Amino acid sequence: MTSVLEELTWRGLLHDATEGAGAHLAEEPRAVYIGFDPTASSLHVGNLVPIMGLVHMQRAGHTPIALVGGGTGLIGDPSGRTAERQLLTKEDVAANGGGIRRQLAHFLDFDRGDNAARMVNNLDWLAEWSLLDFLRDVGKHFGMSQLLAKESVKSRLGSELGLSFTEFSYALLQSYDFLELYRRESVTVQAGGSDQWGNITAGTDLIRRVDAGKAFGVVFPLVTNSQGTKFGKSHSGNVWLDPKRTSPYRFYQFWVNTDDADAVCYLKYFTLLSREEITAFEEQVASEPHRRAAQRALAEDVTRRVHGADGLTRAQQATDALFGGDLSGLGADDLADVFSEVPSSTVTADALSGDGVALLDLLDETELTSSRGDARRAIEGGGMYVNNVRVDDVDRRVTSSDAIEGRFVVLRKGKKRYHLVAAEG
RNA sequence: GGUGGGGUACCGAAGCGGUCAAACGGGGCAGACUGUAAAUCUGCUGGCUUAGCCUUCGGAGGUUCGAAUCCUCCCCCCACCA
């Protein structure tokens, strides 16, 4: 058995662990679980740390169990939340759980003999409880002073937004999940983000009290970037693992754009590269930063895992074409291929004939600019390009002579944001 | 319930009868330099049919030639007292 906590430690993935967790995990194969909130039908890059946590557990010989909070998702976890949550419907939760399982399959092996990953849904056991039984059998073991002392509860009680009884009860449900998994699947370790520490230790306490059992908790750090801003957001919002929500191209670009200061850290977090390989990249970042070898390796590794070799290839082709600069060598078919990853809109071929259509009108149909005033300013500021040629006239018109092979016009704002306009009809 | 302070654009925060689409800072966007990085510097940052016009300063009325600024009522926050 390799020591999984040692592995997590050098990768910077270990934030805290309950006493004895390291020895417990080093001793023999265990079952480890992490809960995922089914608030959306897709996971996003913010979930990658816990996912990688499970990956490391499986590689070390433990059995990873992903719990989808079908029951708890109906309640909502107050941890790290400033306001009461919207409640999800049961149908939402069920559908979202299915999406999450498909994505986890890219990371975890669900077929591997001894320690295949498993997926469980806490709705399966939480739904069976009656309120009276739950209060008698589970609630009885929780002291109010301990519950009130939890950071997530304290901060919400102090704020004007308050905390409903529903969300307050969340810790009981999560604790009970741990107990249930301890009993039915012999799960002895729960992992999660550092914000889950309170919920996890509440679970280990419950197991000790009710079953006199030993259970452990391991938590990962919250990922930040060197700017101290939130990780996992791009200009278009969350970066999702679902290619329908975030195209492989944009996903790849998200990683390529990682700061130098964060690149090595992210390689440790999000890839399975060895210590030696990562050290080599660290040296490259220092000696020849302009090559951006670490960022490329990071983007390549993560994109391949999430979107497959095929998705990676398409993302890289698009990148080469777009950042190579010159579009003139590309035919319409190449363009269509490359830009399949990029947002697009259509215009009728008729509209482009003669005087064509005002660029401002064309931009109205895109998400490149938020208003005509915004579009005007972008052009005046020299930040707008047609077919990679800077536009210097606010009243620029786009005609059929701009359309490559009569089919496509490429709009670009700034260095990186592209939009493809297809002529139809 | 009483007293005092306050609600201004994405956020923080000035302004307290005209020169206010509203200082300044942050954030965001773009440009320059670079390496699709960071830092730095520059410009922009309500909408539109853009030398002009329209809608904004908690809400509704009012005074005035003219209101974010004055008055009335209402709503909401904060502090202290009860």
Side-chain angles (χ1 to χ4, degrees), chain A residues 82-83 157-162 224-239 246-267 270 281-300 302-303 312 314-327 338-339 341-343 355 357-386 388-397 410-419:
Chain A
T82 52
L157 284 179
S159 82
E160 70 230 39
L161 292 154
T224 54
N225 63 29
S226 55
Q227 306 295 296
T229 56
K230 193 161 182 163
F231 169 78
K233 298 272 186 188
S234 73
H235 60 262
S236 42
N238 260 326
V239 177
T246 299
S247 73
Y249 166 73
R250 283 210 308 272
F251 187 85
Y252 181 83
Q253 284 294 320
F254 169 78
W255 297 102
V256 166
N257 281 307
T258 303
D259 281 17
D260 287 10
D262 297 318
V264 169
C265 178
Y266 288 1
L267 279 172
F270 302 117
F281 281 119
E282 193 165 6
E283 282 159 11
Q284 284 193 59
V285 170
S287 63
E288 38 182 13
H290 57 279
R291 300 277 301 275
R292 299 190 347 278
Q295 281 92 332
R296 285 177 204 282
L298 174 68
E300 204 175 300
V302 182
T303 306
L312 173 64
R314 279 184 304 153
Q316 285 178 324
Q317 279 171 351
T319 295
D320 289 346
L322 299 183
F323 291 95
D326 190 11
L327 291 179
V338 162
F339 283 94
E341 298 300 328
V342 151
D355 277 348
V357 43
L359 176 58
L360 285 173
D361 290 331
L362 216 48
L363 284 168
D364 262 351
E365 305 296 316
T366 76
E367 67 306 303
L368 253 30
T369 51
S370 60
S371 69
R372 292 174 71 81
D374 187 34
R376 207 174 272 274
R377 279 181 235 113
I379 296 170
E380 282 166 353
M384 191 59 68
Y385 305 77
V386 171
N388 275 356
V389 178
R390 179 178 282 168
V391 175
D392 50 15
D393 174 15
V394 174
D395 297 316
R396 167 79 144 86
R397 300 191 73 81
V410 178
L411 304 178
R412 183 180 119 209
K413 184 190 174 212
K415 276 183 193 156
K416 304 173 196 172
R417 297 179 59 187
Y418 283 89
H419 183 98

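All values derive from a computational prediction rather than experimental measurement. Chain letters run A, B, ... following the sequence lines, proteins first, then strands; residues in each count from 1.
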Of all of residues 370-377 of chain A, which get a heavy atom below 4.0 angstrom from RNA chain B, listed by number?
->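 Within residues 370-377 of chain A, the residues near RNA chain B are Ser371(A), Arg372(A), Gly373(A), Arg376(A), Arg377(A).
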My understanding is that a pair needs two contacts under 3.5 Å, Watson-Crick or G-U wobble. By that rule, which nucleotide pairs with [N]?
{"N": "A68(B)", "answer": "none"}
{"N": "A30(B)", "answer": "U42(B)"}
{"N": "C48(B)", "answer": "G52(B)"}
{"N": "C20(B)", "answer": "none"}
{"N": "A13(B)", "answer": "none"}

Take the protein atom [atom1] of [X] and the nucleotide atom [atom2] of [N], then report the distance between them rounded to whole Å.
{"X": "Ile379(A)", "N": "C44(B)", "atom1": "CD1", "atom2": "P", "value": "17 Å"}
{"X": "Asp364(A)", "N": "U49(B)", "atom1": "CG", "atom2": "C1'", "value": "12 Å"}
{"X": "Asp395(A)", "N": "U50(B)", "atom1": "CG", "atom2": "C1'", "value": "11 Å"}
{"X": "Tyr418(A)", "N": "C29(B)", "atom1": "OH", "atom2": "P", "value": "17 Å"}

Judged by atom type as modelled, is there a donor-acceptor pair below 3.5 Å linking the side chain of Tyr249(A) to the main-chain atoms of Ala318(A)?
->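 Judged by distance alone, no pair lies under 3.5 Å.
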With sequence neighbours excluded, residues passing side chain to side chain contact (heavy atoms under 4.5 Å, CB included) with [X]:
{"X": "Asn257(A)", "result": "Gln253(A), Lys416(A)"}
{"X": "Arg390(A)", "result": "Tyr385(A)"}
{"X": "Val389(A)", "result": "none"}

Any side-chain heavy-atom pair of Leu363(A) and Lys413(A) under 4.5 Å =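 They are not in side-chain contact.
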Mind checking whether Arg412(A) and Asn388(A) have side chains closer than 4.5 Å, heavy atoms only?
->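 Sidechains of Asn388(A) and Arg412(A): in contact.
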Listed by chain and number, what are the salt bridge (Lys or Arg N to Asp or Glu O under 4.0 Å) partners of [X], not counting sequence neighbours?
{"X": "Arg396(A)", "answer": "Asp402(A)"}
{"X": "Arg377(A)", "answer": "Asp374(A)"}
{"X": "Arg314(A)", "answer": "Glu341(A)"}
{"X": "Asp364(A)", "answer": "Arg372(A)"}

[N] and [M]: how far apart are their [atom1] atoms, nearest whole angstrom?
{"N": "C11(B)", "M": "C80(B)", "atom1": "C1'", "result": "29 Å"}
{"N": "G5(B)", "M": "A9(B)", "atom1": "C1'", "result": "23 Å"}
{"N": "A39(B)", "M": "U45(B)", "atom1": "P", "result": "23 Å"}
{"N": "C78(B)", "M": "G27(B)", "atom1": "C1'", "result": "26 Å"}
{"N": "C48(B)", "M": "G62(B)", "atom1": "C1'", "result": "31 Å"}
{"N": "G6(B)", "M": "G15(B)", "atom1": "C1'", "result": "15 Å"}
{"N": "G4(B)", "M": "U72(B)", "atom1": "P", "result": "14 Å"}
{"N": "G47(B)", "M": "C29(B)", "atom1": "P", "result": "16 Å"}

Under 3.5 Å, which donor-acceptor pairs link side chains of residues 282-290 of chain A to any protein atom two or more places apart or in another chain?
from: Ser287(A); atom 1: OG; to: Glu283(A); atom 2: O; distance (Å): 3.0
from: Glu288(A); atom 1: OE1; to: Arg291(A); atom 2: NH1; distance (Å): 3.3

Under the ring-ring contact (aromatic ring centres under 6.0 Å, His included) test, residues paired with Phe270(A) that sit two or more places apart =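 Expected list: Phe231(A), Trp255(A), Tyr266(A).
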I'd like a table of atom pairs between the protein and nucleotides 32-37 of chain B - only N or O on both sides, under 3.5 Å - with the distance next to each one.
from: A32(B); atom 1: OP1; to: Arg390(A); atom 2: NH2; distance (Å): 3.3
from: U34(B); atom 1: O4; to: Lys415(A); atom 2: NZ; distance (Å): 2.4
from: G35(B); atom 1: O6; to: Asp260(A); atom 2: OD2; distance (Å): 3.2
from: G35(B); atom 1: N1; to: Asp260(A); atom 2: OD1; distance (Å): 3.2
from: G35(B); atom 1: N1; to: Asp260(A); atom 2: OD2; distance (Å): 2.7
from: G35(B); atom 1: N2; to: Asp260(A); atom 2: OD1; distance (Å): 2.6
from: U36(B); atom 1: O2'; to: Asn257(A); atom 2: OD1; distance (Å): 2.7
from: U36(B); atom 1: O2; to: Gln253(A); atom 2: OE1; distance (Å): 2.7
from: U36(B); atom 1: O2; to: Asn257(A); atom 2: OD1; distance (Å): 3.3
from: U36(B); atom 1: N3; to: Gln253(A); atom 2: OE1; distance (Å): 3.0
from: U36(B); atom 1: N3; to: Gln253(A); atom 2: NE2; distance (Å): 3.3
from: A37(B); atom 1: OP1; to: Lys416(A); atom 2: NZ; distance (Å): 3.4
from: A37(B); atom 1: O2'; to: Asp259(A); atom 2: OD1; distance (Å): 3.1

Can you give one letter per nucleotide of nucleotides 21-27 of chain B, 5' to 3': B if a protein heavy atom sits under 4.0 Å from the base, S if only from the sugar-phosphate, - if neither?
-> -------
